[in-house]
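Along the sequence shown, residues carry numbers from 1. Read the numbers this way: they start at 1 and go in the same order the structure lists the ligands and their atoms.
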Amino acid sequence: MKLLSFLILTGAIALTACARDSQETVTAIAIAETAAPFASQGLPPAVVHKSPSCGCCGLWVDHLKSAGFPVQVQDSEDVVPVKHRLGVPFGKGSCHTAEIAGYFIEGHVPAEDIKRLLVEKPDAKGLVLPGMPAGSPGMESPDGTSQRFTVELVQADGTTVPYSSH
Ligand SMILES: [Cu+2]
């Protein structure tokens, strides 16, 4: 029951929205990548767990790559066990989960926040961006629709505090 709720709350709704938008976004992302600064060096590898059919997850992978992260994709039809293994808090889930330098990164977290995390090295489990906010990396829409969103830090005890606002 708990698993099912998790999926309904975070996965099913999110993936539907994702599939609708992802195709149209590809062109915009490709243009943005061309204009992106030269990839930085020395970043730790990111392992991204996602469904093979998740378009916006793939776009977020592209976002990580253009930010200079070496990315290894782990496609899986069921990513919920990964979230449980890593300790993603209930209700804070999104469509994909990454593992970077001992931290988890849940959802469409901007690469700049991940880089800040790696510099600050807090005693924490990771970062979460619950749901799939419009305008977050990989969730851009052609008409420029975006919403305010807050990335949260998951502390060692599993509680969350705001980390960055966009
Ligand atoms: Cu997504």
Side-chain angles (χ1 to χ4, degrees), residues 3-33 36 43 45-100 103-117 125-154 160 162-166:
L3 268 176
L4 187 61
S5 306
F6 194 101
L7 268 176
I8 291 169
L9 286 172
T10 65
I13 297 165
L15 290 180
T16 306
C18 172
R20 191 189 63 223
D21 293 335
S22 57
Q23 270 310 103
E24 296 153 333
T25 315
V26 170
T27 310
I29 297 293
I31 293 166
E33 274 188 14
L43 291 169
V47 177
V48 180
H49 304 271
K50 69 174 193 63
S51 157
S53 60
C54 178
C56 59
C57 301
L59 293 175
W60 187 75
V61 165
D62 292 343
H63 169 71
L64 279 194
K65 287 179 178 172
S66 66
F69 285 94
V71 179
Q72 180 197 342
V73 172
Q74 292 277 316
D75 277 326
S76 167
E77 291 298 342
D78 185 6
V79 294
V80 172
V82 173
K83 300 179 196 302
H84 285 174
R85 171 172 64 80
L86 295 173
V88 176
F90 186 75
K92 299 289 185 183
S94 182
C95 46
H96 53 258
T97 307
E99 296 179 79
I100 303 176
Y103 293 105
F104 63 70
I105 308 295
E106 176 70 16
H108 291 262
V109 175
E112 65 191 82
D113 290 342
I114 303 171
K115 289 178 177 178
R116 182 184 148 202
L117 181 81
K125 295 183 175 182
L127 297 175
V128 292
L129 178 52
M132 311 219 327
S136 57
M139 284 300 294
E140 299 89 347
S141 68
D143 62 7
T145 304
S146 64
Q147 62 191 88
R148 305 283 310 167
F149 61 88
T150 299
V151 173
E152 298 170 59
L153 180 73
V154 181
T160 61
Y163 190 68
S164 68
S165 295
H166 298 266

Looking at the Cu ion (ligand 1), is one of the N, O or S atoms of [X] less than 2.8 Å from it?
X: Met132; answer: yes
X: His108; answer: yes
X: His96; answer: no
X: Cys54; answer: no

For this session: First locate atom NE2 of His49, then atom CG of Leu86, and finally report the distance between them rounded to the nearest 0.5 Å.
Result: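 One gets 6.0 Å once the value is rounded to the nearest 0.5 Å.
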Exercise. What distance do Lys92 atom NZ and Leu129 atom CG have between them, rounded to the nearest 0.5 Å?
Worked result: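 Reported value, rounded in 0.5 Å steps: 10.5 Å.
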For this session: Would you indicate whether the side-chain heavy atoms of Phe104 and Val128 approach each other to under 4.5 Å?
Result: yes
Problem set entry | pair Asp113-His166: side-chain heavy atoms closer than 4.5 Å |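 Side-chain contact under 4.5 Å: yes.
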